[in-house]
Amino acid sequence: MSQYHTLSGDEGLRYLKARDSGDDPLPQDFQRTPGSGALISMAPLTKLGNELRKLMKNFPEKLRERDQEGGRFEQQACVVVHRGLSEIPPGVLADLDFWIWLAVIQFADIVEWRFGAKGRHAKLANYGIGTRIENLFFRLWLRAELVKDEKAKDPYHLARTGDQDLWRSHILRQGYANARLVTKALLRLQGGQLAMKKLKIDGVRELAKRLSRLRANVVFEFLTPSQAEGLILELCADLGKRK
């Protein structure tokens, strides 16, 4: 596999501490380069950064804490990130240390814009340090990867469905998220595409609990699309209203 850059959690933490103390740390003093042969092209990452920063101009210069505009940005940015990383080899995308490098070295300004506050830097988890799944760019890519539908007119229509709370708390942090058909069925429910009205937040929380409990005994990956949708409707039959 081609060479590529990575940062471990410890290396990323040291880099950010040096940055926050006013130093100007050099990436080459912290990053590692696994793989063999030529280094992967940086051109797609440069293009991705340009597109994300262009998208940011459609939003406030500084986001407030819990600002809904941040969730709206992620709703659009997940598509930009997924498309922008389409040329990166799958083996690289499978290395979680690559995502830390991406967030810390390439796009720290975007992480800070999205999650930083006046006088306070973004929490380390948003860089993937300490909690890998919370890495902003990994989350954005995974959001689109899980539910991309090549057969649809808009392959990313489900990735754009739902708010940040639905995605972070009730999909990406849950063990059933990797069962793509179940995730798609949940999003179709919340997108008004099933025979039941969209659940309110309390209903979504309860449905997530039920899915997590059932996951211990049922292999969701073996379900067909219709079975996945039937499962979602069955589990939330008492939580919402039929159309």
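No hydrogens, no waters, no symmetry mates; every other heavy atom, side chains included, goes into these values.
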>> I'd like to know whether Ser41 forms a side chain to side chain contact (heavy atoms under 4.5 Å, CB included) with Glu87, so could you lay out the CA-CA distance, the side-chain angles of the two residues, the decisive distance to 0.1 Å, and finally the verdict.
In response: CA-CA 9 Å; Ser41 173; Glu87 298 179 30; over 6 Å; no
>> Run the side chain to side chain contact (heavy atoms under 4.5 Å, CB included) test on Val81 and Arg83 for me, step by step, so that the C-alpha distance in whole Å, both residues' side-chain angles and the decisive distance to 0.1 Å come before the verdict.
In response: CA-CA 6 Å; Val81 169; Arg83 285 175 173 162; over 6 Å; no
> For Leu158 and Thr183, what are the C-alpha separation, side-chain angles and deciding distance, and is it a side chain to side chain contact (heavy atoms under 4.5 Å, CB included)?
Replying inline: CA-CA 9 Å; Leu158 289 176; Thr183 298; over 6 Å; no
>> Pair Leu187, Leu166 - check side chain to side chain contact (heavy atoms under 4.5 Å, CB included), show working.
In response: CA-CA 9 Å; Leu187 290 167; Leu166 174 65; 3.8 Å; yes
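A salt bridge is absent between Asp149 and Lys184: the closest approach of a Lys/Arg side-chain nitrogen to an acidic carboxylate oxygen does not fall below 4.0 angstrom. One finds no salt bridge joining Asp163 and Arg168 here, because no Lys/Arg side-chain nitrogen approaches an Asp/Glu carboxylate oxygen to under 4.0 Å. Using a 4.0 Å cut-off between charged side-chain N and carboxylate O, Arg53 and Asp109 make a salt bridge. Salt-bridge check for Arg14 with Glu11: failed, with every basic side-chain N at 4.0 Å or more from each acidic carboxylate O. Ion pairing between Glu69 and Arg64 fails under the 4.0 Å rule for side-chain N and carboxylate O. With respect to Asp20 and Lys17, no salt bridge is recorded, no charged nitrogen being found less than 4.0 Å from a carboxylate O. With respect to the salt-bridge test (charged N to carboxylate O, under 4.0 angstrom), the residues Arg139 and Glu74 qualify.
For Gln28, the CD atom counts as densely surrounded, since its 6.0 Å shell holds more than 12 non-hydrogen atoms of other residues, nucleotides or ligands. Environment of CZ in Arg120: crowded, with over 12 heavy atoms of neighbouring residues, nucleotides or ligands closer than 6.0 Å. Other residues, nucleotides and ligands contribute more than 12 heavy atoms inside 6.0 Å of the CD atom of Gln227. Residue-environment remark: NZ (Lys62) exceeds the threshold of 12 foreign heavy atoms within 6.0 Å.
A single hydrophobic cluster is seen to contain both Trp167 and Phe220, as judged by linkage of ILVMFWY side chains at heavy-atom distances under 4.5 Å, directly or through other members. No continuous path of hydrophobic side-chain contacts links Leu181 to Leu235 [ILVMFWY only; heavy atoms under 4.5 Å]. Linking Ile, Leu, Val, Met, Phe, Trp and Tyr residues whenever their side-chain heavy atoms come within less than 4.5 Å places Leu136 and Leu52 in a single cluster. When the side chains of ILVMFWY residues are joined at heavy-atom separations under 4.5 Å, either directly or via intervening members, Leu102 and Ile110 end up in a single hydrophobic cluster. Follow the hydrophobic side-chain contacts under 4.5 Å out from Val79 and you never reach Leu172; the two are in separate clusters.
Annotation: the span from Thr131 atom OG1 to Asn126 atom CG amounts to 9.5 Å, rounded to 0.5 Å. Rounding to the nearest 0.5 Å gives a distance of 6.0 Å between CG of Leu124 and CG of Leu13. Distance check, rounded to the nearest 0.5 Å: CG of Asp95 to CE of Met1 gives 7.0 Å. Note that CG of Leu142 is 5.5 Å distant from CD1 of Ile133, once rounded to the nearest 0.5 Å. For the atom pair CG (Asn58) and CE (Met56), the distance works out to 11.0 Å, reported to the nearest 0.5 Å. With rounding to the nearest 0.5 angstrom, the CD atom of Glu229 is 11.5 Å from the CG atom of Leu186.
Minimum interatomic distance between Ala144 and Ala159 (heavy atoms only, all atoms of both residues): CA-CB, 3.9 Å. Between Pro25 and Phe30, the shortest heavy-atom contact is CB-CE1, 3.7 Å. Closest of all the heavy-atom pairs between Ile129 and Gly9 is CG2-O, 3.8 Å. Scanning all heavy atoms of the two residues, the minimum distance from Ser2 to Ala38 falls at CB-O, 3.3 Å. The shortest heavy-atom contact between Gln174 and Ser212 is OE1-OG, 3.0 Å. Residue Ile232 comes nearest to Ala185 through the heavy atom pair CG1-CB, 3.7 Å, listed as atom of the first residue, atom of the second, then distance.
With respect to Asp97, the side chain to side chain donor-acceptor pair (under 3.5 Å) criterion is satisfied by exactly one of Arg32, Arg132, His5: Arg132. Tested against Glu134 for a salt bridge (charged side-chain N to carboxylate O under 4.0 Å, His left out), the candidates Arg173, Lys123, Arg114 yield a single pass: Arg173. Phe137 pairs in a ring-ring contact (aromatic ring centres under 6.0 Å, His included) with only one of the listed residues (Trp99, Phe107, Tyr127), which is Phe107.
In this structure, Leu48 and Gln106 have side chains that are not in contact, with every pair of non-hydrogen atoms separated by 4.5 Å or more. A 4.5 Å side-chain heavy-atom check between Thr6 and Ile100 finds every atom pair outside the cut-off. Between Val92 and Leu85, every side-chain heavy-atom pair lies at or beyond the 4.5 Å cut-off. Lys148 places a side-chain heavy atom less than 4.5 Å from the side chain of Tyr156. Residues Arg19 and His121 have side chains in contact (heavy-atom distance under 4.5 Å, counting atoms from C-beta outward). Ile201 has its side chain within reach of His170: a pair of non-hydrogen atoms, C-beta onward, lies under 4.5 Å apart. Side chains of Leu207 and Gln190 form no contact here, defined as non-hydrogen atoms less than 4.5 Å apart. Using a 4.5 Å heavy-atom threshold, the side chains of Val204 and Asp165 count as separate.
Using a distance-only test at 3.5 Å, with no hydrogens or angles considered, no donor-acceptor pair links the side chain of Ser86 to the main chain of His82. The closest donor-acceptor contact from the side chain of Arg143 to the backbone of Cys78 lies at 3.5 Å or more, if one exists at all. Arg180 places a side-chain N or O within 3.5 Å of a backbone atom of Glu145 that can act as its donor or acceptor partner.
Legend: residues meeting salt bridge (Lys or Arg N to Asp or Glu O under 4.0 Å) with Asp10, ordered by chain and number and at least two apart, are absent.
Residues Thr33 and Gln3 have side chains that never bring a donor and an acceptor to within less than 3.5 angstrom of each other.
The ring-ring contact (aromatic ring centres under 6.0 Å, His included) analysis of residues 51-80, with sequence neighbours excluded, yields the pairs Phe59-Phe73, Phe73-Trp113.
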